[in-house]
Amino acid sequence: MNRLEALLAELDDDQKLAVMHGEGPLLVVAGAGSGKTRVLTYRIAALLARGLAQPHEILAVTFTNKAAREMAERVESLVGGSLRGGFVGTFHRFALKLLRNHAREAELPERFAIADEDEQRQILDRVMKRLEIPSTRLTPRAARSRISAAKNALLGPKELESRARGDAERLVAELYAAYQDELRSAAAVDFDDMLLGAVSLLEHHDALRKSLVSRFRWLLVDEYQDTNLAQARLVRLLGGKTPNLTAVGDEDQSIYRWRGAEVENILHFEAAYPTAHVVTLGRNYRSAEPILRAAAAVIERNSRRRPKKLSSEVGSGAPVTVYLAADEADEARFVADEIGRLRGSVSPGEIAVLFRVNAQSRPFEAEMVRRALPYVVVGGTRFWERKEVRDALAYLRLLVAPDDVLAFRRAIHVPARGIGQVAMEHLERAAATWGVPVPEAARRLPVELSPRARLAVGEFNTLLGELRALAADAPAAEVVRRLLDRSGLAAQYGSEDEDDRARRANLDQLVAAAAEATERDLDLSGFLDEVALLTDADVRREGDAVQLSTLHAAKGLEFAAVFLVGMEDGLLPLRREGNGEADEEEERRLAYVGMTRAQRRLFLTFARVRRVNGQLLSGRPSPFLLDVPRELVDDRTAAAGRDPFRSHAPQPHRHGARSPADFREEHSGPRSTDHGPRSSSRHPDGWRPGLKIRHATFGSGVILQVQGTGAQTRLVIFFDRAGRKTLIPSLAKLERA
DNA sequence: GCTTGCGGTATTTTT
DNA sequence: TACCGCAAGC
């Protein structure tokens with residue numbers, strides 16, 4: 001019993017209750033920072049230690065690959081080995097595995113492809129053109145998300161149609177049906193289909209379901225508040241009659257409603273599983289008292305939640321700092337000032353600047369660059385969605401599945417090989433006539449093709465054949481390398497400009513990823529499946545740098561100091577047309593998630609005036625900000641003669657308001673710029689005044705002055721667009737122009 | 001088939 | 001304001 005005792009010794013009473021729960025459904029309501037991952041992993045370890053479960057009986061699902069990996073690692077180190085035969089992974093990975101293993105029962109083609117968001121839109125585009133639906137009525141983008149919402153809610157095209165009210169909804173239903181046909185004929189499934197497919201597979205194949213139910217006796221689901229109907233149904237099916245289901249979550253942190261998440265899944269857990277035990281983890285091990293109380297004051301106003309109380313185990317701490325900025329630039333300056341002040345005691349990696357929308361990151365980036373503070377922007381353009389990467393992946397997909405139509409349509413055009421619209425139409429028509437997939441039609445070289453197109457298509461076929469032969473026995477990385485070389489994909493990006501270099505680096509990274517997959521015994525198709533389910537979140541996380549991130553991307557993380565910026569009415573409760581009350585609750589949860597990321601310091605800022613999409617918005621403070629009890633607040637604005645709690649009653653028009661420039665003047669005291677030693681010409685790294693350079697944010701400029709050497713090097717640069725800046729070349733990505 | 005310029009459009013984004 | 005996608009020209 002030793003091992004078990006050791007495990008329990010590290011848990012508080014509530015955590016122990018959850019970990020030691022035996023059979024039957026269990027809901028763990030895990031408030032922010034209450035040790036939810038710990039409970040999940042220790043519970044698995046305890047089940048094994050107590051002999052209640054065998055490793056292969058464990059099925060643990062999460063939403064992100066990252067969370068899954070973390071869970072797997074922690075369990076491994078607890079039990080001293082991997083869960084052989086068990087499954088720890090994402091919902092989608094589990095579903096995909098199921099569908100691949102049972103493609104026939106699921107009525108899917110043997111090597112079905114996975115259509116990503118981009119391909120979904122392309123399909124919709126085709127469908128809409130064919131049905132002659134003007135994009136003024138509905139954009140492919142909007143259609144995609146409507147269809148996705150339907151799928152998340154387990155509705156097929158027919159169900160959607162029967163529920164449709166009004167022409168607009170009927171149109172979506174019609175498109176849905178056509179989209180589904182098109183997907184089917186392209187032998188592809190989309191992300192949502194994976195879940196739907198898994199659900200319908202289990203619903204229609206009793207024997208299979210029973211075998212899974214008896215095999216995976218122990219189910220554990222993380223972030224249950226984010227499950228959609230399809231996921232909840234899948235869990236229900238896998239649980240069988242007497243589910244040993246552990247659901248862990250916190251309705252206060254449900255922030256993916258727009259993506260189909262149903263808070264009701266967790267709120268009504270006991271209704272769905274009447275025999276469920278509920279354990280509430282009420283001790284917070286992350287945040288200092290004032291932070292927790294401030295966050296509680298915000299979330300308490302929500303109605304769709306279980307009332308609960310979190311107590312801080314960290315103890316007292318600094319009050320929450322509030323600052324009203326003149327505009328977004330001033331806000332960024334304030335944040336950078338404070339970061340500078342914190343740096344004595346907190347390393348950059350422990351600091352986060354969190355905002356509602358990605359577009360808010362700009363001023364912060366600019367300010368960080370100016371101050372030479374190391375930072376990373378989380379998110380942005382994602383690796384796997386980059387053009388060059390997706391082009392290469394399209395080829396790889398064709399090697400594994402020669403009739404992958406979506407991949408074919410993409411690959412045949414890159415690099416350009418003289419096959420245009422006319423040639424493509426011939427191929428599509430020939431395919432339709434012969435009743436074969438387009439790639440097969442291409443292999444047969446229809447006579448309609450012009451001699452030139454014929455040659456080009458022929459060469460494309462030869463290339464694929466050659467690579468396919470190679471793929472049969474060479475490791476994935478080797479295949480990728482040869483592909484990049486032979487296809488001319490790599491050669492497209494031969495120049496030395498910043499763009500091409502970045503693209504080449506991305507392609508190198510793809511080769512590296514393939515090599516790494518081979519090490520894990522994945523073949524090419526396994527690699528592709530993995531890549532299809534991978535996101536940027538899985539590659540990131542490097543260096544000791546301040547994180548600039550959206551609130552969504554910050555979920556699950558914690559930082560010593562958090563700046564929650566842009567707390568304005570309309571921005572943090574983000575409002576746009578058609579945003580109802582229900583969304584206000586979600587926005588509140590978002591603010592709550594942001595606040596509870598903080599361990600020791602929390603800063604809330606908002607800007608009096610803000611430029612959004614080129615338009616000047618006058619900001620009123622977020623109602624969430626006003627919910628924070630004043631006794632918890634250290635108001636820095638008051639020191640500057642303004643009071644965010646008083647002087648900003650709603651002002652529909654800015655009549656009589658001072659101009660942004662006034663605020664700026666009032667706020668920007670003398671700012672020292674050039675510190676650091678000066679050095680004369682000839683710099684070891686080759687920097688010299690007069691040299692023309694390029695910067696990702698500031699554009700092109702010329703070096704005025706070079707200061708210091710090595711890590712201390714600072715360059716004073718005059719940018720054409722952005723004016724004079726002082727930069728550290730090792731941090732700011734500079735390119736000689 | 002590739003480049004250039006214009007206009008429309010703008011959240012969040014675990015897979 | 002900034003980007004992206006599309007349509008017209010080379």
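Every chain is numbered from 1 and lettered A, B, ... according to where its sequence line falls, protein lines coming before strand lines. Note that this is a predicted model, so its numbers are computed, not measured.
Distance, A:Leu393 CG to B:dT15 C1': 16 Å, rounded to whole Å. Here B:dT13 presents its P atom at 16 Å from CZ of A:Phe191, a figure rounded to the nearest Å. One can place CG of A:Leu234 at 14 Å from C1' of B:dT15, the figure rounded to the nearest angstrom. Rounded to a whole Å, the CZ atom of A:Arg257 is 16 Å from the C1' atom of B:dT13. Going from atom CG of A:Asp327 over to atom P of C:dT1 covers 15 Å, rounded to whole Å.
Both A:Ala359 and A:Arg93 lie close to DNA chain B; mapped to their nearest nucleotides by heavy-atom distance, the more 5′-ward contact belongs to A:Ala359. For A:Arg452 and A:Lys555, each mapped to the nucleotide of DNA chain B holding its nearest heavy atom, the one lying further toward the 5' end belongs to A:Arg452.
Listed by chain and residue number, A:Tyr224, A:Asn265 satisfy the side-chain contact (heavy atoms from CB on, under 4.5 Å) test with A:Ala232 (two or more places apart in sequence, or in another chain). Applying the side-chain hydrogen bond (donor to acceptor under 3.5 Å, both in side chains) rule to A:Thr246 yields the partners A:Arg43; only residues at least two apart in sequence or on another chain are considered.
Applying the 6.0 Å contact sphere to CZ of A:Arg100 captures more than 12 heavy atoms from other residues, nucleotides or ligands.
Here, B:dT12 and C:dG5 have their P atoms 15 Å apart, quoted to the whole Å.
The side-chain heavy atoms of A:Asp118 and A:Arg410, taken from C-beta on, include a pair separated by under 4.5 Å.
Stacking here means ring centres nearer than 5.5 Å and ring planes tilted less than 30 degrees, and by that measure A:Tyr256 does not stack onto B:dT12.
A:Asp192 comes within contact range of no nucleotide atom at all, as no heavy-atom separation falls under 4.0 Å. Using a 4.0 Å heavy-atom cutoff across all strands shown, A:Glu223 reaches no nucleic acid atom at all. Residue contacts for A:Ile255: at a heavy-atom cut-off of 4.0 Å it reaches no nucleic acid atom on any strand shown.
Not less than 6.0 angstrom separates the ring centroid of A:Phe624 from the ring centroid of A:Phe606.
The base of C:dT1 is not paired with the side chain of A:Arg611 by any donor and acceptor separated by under 3.5 Å.
Phosphate contact (OP1/OP2 of B:dT13, side-chain N/O of A:Thr550, threshold under 4.0 Å): present. At the phosphate of B:dT14, neither OP1 nor OP2 sits under 4.0 Å from any side-chain N or O atom of A:Asn65. The side chain of A:Asn358 contributes an N or O atom lying less than 4.0 Å from OP1 or OP2 of B:dT13.
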